[in-house]
Amino acid sequence: MIFNLNEFLMAVSFTLDFVEMDILGVASNHGKRTAYIALRIAQELDLKDEEIHDVVALAMLHDNGLSSINVHGRFLKRDPMNIRNLESVKEHCIIGEDNIKDYPFFTDVKGSIKYHHENYDGTGNFNLKAEEIPLMAQIIRIADLTDATFNFGKSNNSNKEKIIKYINDQENKIFSQKLVQAFNNISKDKNFWANLQDDNLKEALKKNTPQFSKDLSLEEIKKITSVFSKIVDSKSHFTKEHSRGLVEKVKIMADYYKKSHEEKMKLIIAADLHDIGKLAIPNEILDSPRKLTFEEFELMKKHVYYTRIALQEIKGFEDINEWASNHHEKLNGMGYPFGKTEKDLDFNSRLMTCLDIYQALTEERPYRKGLVHKEAMKILYDMYKKGLIDGKITEDIDNVFGER
């Protein structure tokens, strides 16, 4: 399958942008804006196209470790309006580096996420100094910190002057002389400032980032999607095994139904990505020990809509998107987000729904312990009798997993 890496990354960056929304209460396009600044600096440094592509990808992914529940709760206890304080936690750099180790970069990017908070003078989290810090980490540092410090949405000359002064004041302290000079050069371009505005940012990234596609097998694409299912699952103690557990059950049922290899792999990838929209849902809702309010539940329901919006950007993912984003629809039209009915839901969408319910019921939640097979099946059969889910698939799940 010809897999466009730029297309995929732009799609998932839509949901990664929501990680800071959970913490700060606003979505500021921080990941994309960091990526655009990094892109322009990399071009100014005359890096190769493959290196430019990778630094853009790293910049979009640089804060993926923020979603980890181990880091997330600590952030929420800090000043919610100071993203520099939030990002100062060392763990998110380590977790973020580990999360992206299977992503198919074109160049050696080792340490670029782990060390993206290092200062050129050696005063960062890991006390690396000068050229001990990987160049891509240095580029992300200047782009990330500058965007976090200033409001690039304000395009007036006064704000530009403050930004340029700040960067030059940090020469050989936080940033190297080479990167400061590169920023000074790109700052002379009016298009640079215009493209940092929210309305222009996405198109500017798409237009200027070197485009790369790879002819990948579905197994190789699965390695990429596993990166993001890991990020999603790490968001909550109570969902830390959800995507992985769903993937395992999808494999078993695909074999049971004698699915072709291609269809089985697409189902597995759909399971990997089905909850990527949950990055947009605050942890206080995901981890709530009480029944959600009407408003909270309405927000929770949006996660499948966000999944669909993200995945629809990826060519070749049409079936995968359908199966992934239909997992809360019901046969009688009472599901969400679109209220689809029996005639709208193919077999694999119904299968994903049933397995997602079964997986969720057998997992621990903040308001209950995980159910054993018999207890979970009682609920599934009740849902089938009410016309919510597929009866034959329900019986097959009972037969297959009841024997294990």
Side-chain angles (χ1 to χ4, degrees), residues 15 18-19 21-27 66-77 80 229 231-246 249 271 274-309 324-341 345 349-350 352-390 394 397:
T15 53
F18 280 99
V19 174
M21 182 177 178
D22 188 1
I23 297 170
L24 298 178
V26 294
L66 289 179
S67 70
S68 170
I69 189 63
N70 296 325
V71 177
H72 190 278
R74 198 171 310 169
F75 284 172
L76 291 178
K77 293 175 184 176
S229 68
I231 293 169
V232 173
D233 282 359
S234 70
K235 188 169 167 64
S236 169
H237 286 305
F238 300 100
T239 60
K240 61 185 178 182
E241 300 291 335
H242 181 70
S243 296
R244 188 186 311 171
L246 181 59
K249 289 174 177 60
H274 79 291
D275 268 348
I276 196 167
K278 276 191 176 173
L279 290 174
I281 307 304
N283 275 54
E284 65 184 26
I285 292 179
L286 293 177
D287 295 337
S288 176
R290 55 169 174 75
K291 184 178 179 180
L292 298 180
T293 66
F294 175 80
E295 290 78 13
E296 288 171 334
F297 187 58
E298 287 299 302
L299 181 56
M300 172 67 90
K301 286 159 62 174
K302 288 183 179 178
H303 81 272
V304 270
Y305 172 75
Y306 293 136
T307 293
R308 180 175 289 277
I309 292 298
S325 55
N326 281 341
H327 72 275
H328 280 292
E329 300 288 357
K330 299 295 184 290
L331 299 183
N332 66 352
M334 298 303 290
Y336 58 87
F338 297 113
K340 293 188 176 186
T341 60
L345 299 168
S349 292
R350 300 178 190 203
M352 196 69 70
T353 297
C354 292
L355 287 176
D356 181 68
I357 295 167
Y358 181 79
Q359 177 64 29
L361 289 172
T362 55
E363 294 169 353
E364 184 181 355
R365 286 292 185 264
Y367 47 85
R368 62 157 174 79
K369 291 187 176 181
L371 305 181
V372 299
H373 172 80
K374 187 175 181 180
E375 294 169 328
M377 288 313 307
K378 185 177 184 300
I379 293 173
L380 262 74
Y381 277 120
D382 186 52
M383 294 178 73
Y384 153 53
K385 291 173 184 175
K386 291 178 179 176
L388 300 174
I389 60 176
D390 191 288
T394 299
I397 289 173

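- When only modelled atom types and interatomic distance are considered, R350 and N326 share no side-chain donor-acceptor pair under 3.5 Å.
- Atom CD1 in I389 sits 5.0 Å away from atom CE in M383 (nearest 0.5 Å).
- In this structure, the separation between NE2 on H303 and NZ on K278 is 5.0 Å, given to the nearest 0.5 Å.
- By the side-chain hydrogen bond (donor to acceptor under 3.5 Å, both in side chains) test, D356 is found to be paired with H242, H274, residues two or more places apart in sequence or in another chain being considered.
- Counting heavy atoms from C-beta outward, H328 and T353 have side chains that stay 4.5 Å or more apart.
- Contacts classified as salt bridge (Lys or Arg N to Asp or Glu O under 4.0 Å) and involving residues 373-385 (residues at least two apart or in different chains) are given here: D382-K386.
- Residue T307 comes nearest to D275 through the heavy atom pair OG1-C, 4.1 Å, listed as atom of the first residue, atom of the second, then distance.
- Proximity of K330 to Y336: side-chain heavy atoms (C-beta onward) are nowhere separated by under 4.5 Å.
- Atoms CG and OH, from L279 and Y306 in turn, are 12.0 Å apart once rounded to the nearest 0.5 Å.
- More than 12 heavy atoms of other residues, nucleotides or ligands shown are found within 6.0 angstrom of OH on Y381.
- Across all their heavy atoms, D390 and L331 have their closest contact at N-CD1, 3.6 Å.
- Shortest non-hydrogen contact noted between T341 and N332 is CG2-C, 4.4 Å.
- In this structure, Y358 OH and M377 CE are separated by 7.5 Å, a value rounded to the nearest 0.5 Å.
- Closest of all the heavy-atom pairs between P337 and S325 is CD-O, 4.2 Å.
- Counting only heavy atoms from C-beta outward, the side chains of L246 and M352 approach each other to under 4.5 Å.
- Applying the 6.0 Å contact sphere to NZ of K302 captures no more than 12 heavy atoms from other residues, nucleotides or ligands.
- No more than 12 heavy atoms of other residues, nucleotides or ligands sit less than 6.0 Å from atom OH of Y384.
- In this structure, CD1 in I397 is found 8.5 Å from CD1 in I357, a value given to the nearest 0.5 Å.
- Minimum interatomic distance between I379 and L371 (heavy atoms only, all atoms of both residues): CD1-CD1, 3.6 Å.
- Looking at every heavy atom in both residues, L380 comes nearest to C354 through CD2-O, 4.0 Å.
- Shown here are the side-chain hydrogen bond (donor to acceptor under 3.5 Å, both in side chains) partners of T293, two or more places apart in sequence or in another chain: E296.
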